[in-house]
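Chain identifiers are assigned alphabetically (A, B, ...) following the order of the sequence lines, protein sequences preceding nucleic acid strands; residue numbering begins at 1 within each chain. Model, not experiment: these values are computed from the prediction.
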Amino acid sequence: MKGMGEKHCCKEDLLLYYYDELEGHRHRELVEHLATCADCCEEWQRLQAALEQVPIPTLKLAPGETRLPPGWRRGRSVAVTASCGCGVAR
Amino acid sequence: MNPQTATAVVDHAGSHACDAEPAKVGDRCEQILLEQLRAGHPGAFEQLVTAQSPGLINLAYRLVGNRAEAEEIAQEGFLRLHRSLDGFRGECSLSSYLYRIVSRLAIDHLRREKLRRKLFFFRRHEDDADPLEMTADPGASPRDELQAKETGRRLLAALDGLSARQKAVFVLRHQEGLPLKEIAATLKLEEGTVKAHLHRAVRALRAELGDLQEDRS
């Protein structure tokens, strides 16, 4: 990211910055650049807004849905256990 | 659930270990749990399943988008761990190991599913739960809620259009919060490849939102 004062920052770096994965001097340079470049600052805000809209689907599981199927034993045939018709969650 | 945080599921292991430093406690509890699992200790596997199921089922669900399939994948993950316990050398935590197994199973599933859709124009069941019902903001107005759902639907559809690996990288980073290094280990990829997949996935999502400008860099 040399000469970033004159150039706009790269989108990949902005993405890594969003996920807190940009390290060392690249992180420092990007922060400094964002403080002075209106275009990149706008792009940064658009990126944040876009990613915040991505839903995170989360299943609510009842206690009974996170138990082992009845009859599970260490050493028991996996095929037998798998074929008992019970999911982990049932 | 963050697999980086080893979950101490060994309540029955005695309290001595829990007086030490947190990191060491986690390691010690993990070691005890592993020994108990290998010895077939009653309740050890059940405790592992109870502790890890919600995170693993949700991980699989975010990847494959179907609850029943997600539960099957999580179950298969536990079965595979069970089968490989004797060979597990503890190079990562049990939860990370399970995350790796389930992520790879989900990727294989997605690939098979895509192929099946290509071959048979396979459609998902109409009665599948709407994943967006689970992310709705209870404080939003009906109009905002509708708009957010529509956007969310488009974004999830855009995620479905990604390759299995791109989708996995995005889900693991954005929705599961795994560091890129851990994702690389989970998917057996180079970190640079993971970054490239993430970049492409986000670019596709932003294109769907229509907010992507021409690359300037």
Side-chain angles (χ1 to χ4, degrees), chain A residues 1 4 7-16 18-23 30 33 37 39-40 42-43 45-70 72-90, chain B residues 37-42 44-46 49-54 56-58 61-62 65 67-68 70-72 74-79 82-83 85 129 131-132 134-135 148-149 151-153 155-156 159 170 173-175 179-181 195-196 198-199 202-203 205-206 209 211-213 215-217:
Chain A
M1 237 188 307
M4 234 180 77
K7 268 175 73 177
H8 290 305
C9 50
C10 124
K11 284 188 178 176
E12 228 166 306
D13 281 349
L14 276 180
L15 186 60
L16 295 177
Y18 178 86
Y19 288 120
D20 206 16
E21 296 270 4
L22 198 63
E23 292 171 346
L30 187 126
H33 182 75
C37 177
D39 282 353
C40 287
E42 190 189 329
E43 169 59 16
Q45 283 166 358
R46 290 163 74 93
L47 174 69
Q48 286 182 92
L51 287 170
E52 277 160 18
Q53 288 184 69
V54 181
I56 303 182
T58 303
L59 293 169
K60 285 186 185 126
L61 301 165
E65 292 181 292
T66 56
R67 287 197 201 113
L68 278 174
W72 175 286
R73 292 284 180 276
R74 167 85 167 128
R76 189 183 163 94
S77 156
V78 165
V80 170
T81 314
S83 66
C84 73
C86 314
V88 163
R90 289 174 200 176
Chain B
L37 288 169
R38 283 178 175 146
H41 191 290
F45 208 85
E46 181 143 17
V49 170
T50 304
Q52 303 292 340
S53 282
L56 290 175
I57 293 172
N58 269 303
Y61 180 63
R62 287 166 191 157
R67 182 178 186 139
E71 287 178 355
E72 275 177 31
Q75 179 185 17
E76 178 63 22
F78 283 114
L79 290 171
H82 186 266
R83 268 183 266 170
L85 269 176
L132 298 167
M134 301 155 197
T135 58
K149 269 191 185 179
T151 307
R153 212 163 268 132
L155 287 170
L156 289 179
L159 265 179
F170 181 78
R173 186 64 195 91
H174 188 82
Q175 301 183 328
L180 295 180
K181 207 168 275 182
K195 285 179 185 171
L198 182 66
H199 184 61
V202 171
R203 200 166 56 185
L205 292 173
R206 294 187 68 191
L209 281 172
D211 86 325
L212 200 60
Q213 293 174 335
D215 274 344
R216 305 160 306 172
S217 49

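Heavy-atom pairs under 4.5 Å with chain A peak, among B/L198, B/L155, B/N58, at B/N58.
Remark: of the listed residues B/R173, B/K195, B/K181, B/R173 is the sole one forming a side-chain hydrogen bond (donor to acceptor under 3.5 Å, both in side chains) with A/E21.
No donor-acceptor distance shorter than 3.5 angstrom exists from the side chain of B/R62 to the backbone of A/T58, with no hydrogens or angles considered.
Shown here for A/L47 and B/V202, the closest heavy-atom pair between the two residues is CD1-CG1, 4.0 Å. Minimum interatomic distance between B/L156 and A/P55 (heavy atoms only, all atoms of both residues): CG-CG, 4.0 Å.
Under the 4.5 Å side-chain criterion, counting only non-hydrogen atoms from C-beta, A/L61 is in contact with B/R67.
Proximity to chain B is limited to the side chain of A/L16, based on heavy atoms less than 4.5 angstrom apart.
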Might you work through the side chain to side chain contact (heavy atoms under 4.5 Å, CB included) test for A/V54 and B/Q175, ending with a clear yes or no?
CA-CA 9 Å; A/V54 181; B/Q175 301 183 328; 4.1 Å; yes
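Ring geometry, B/H174 versus A/Y19: the interplanar angle exceeds 60°, so the pair is classed perpendicular (tilted spans 30 to 60°).
Around atom CD of A/E23, no more than 12 heavy atoms belonging to other residues, nucleotides or ligands sit under 6.0 Å away.
For the atom pair CZ of B/R206 and CG of A/L51, the computed distance is 7.5 Å after rounding to the nearest 0.5 Å.
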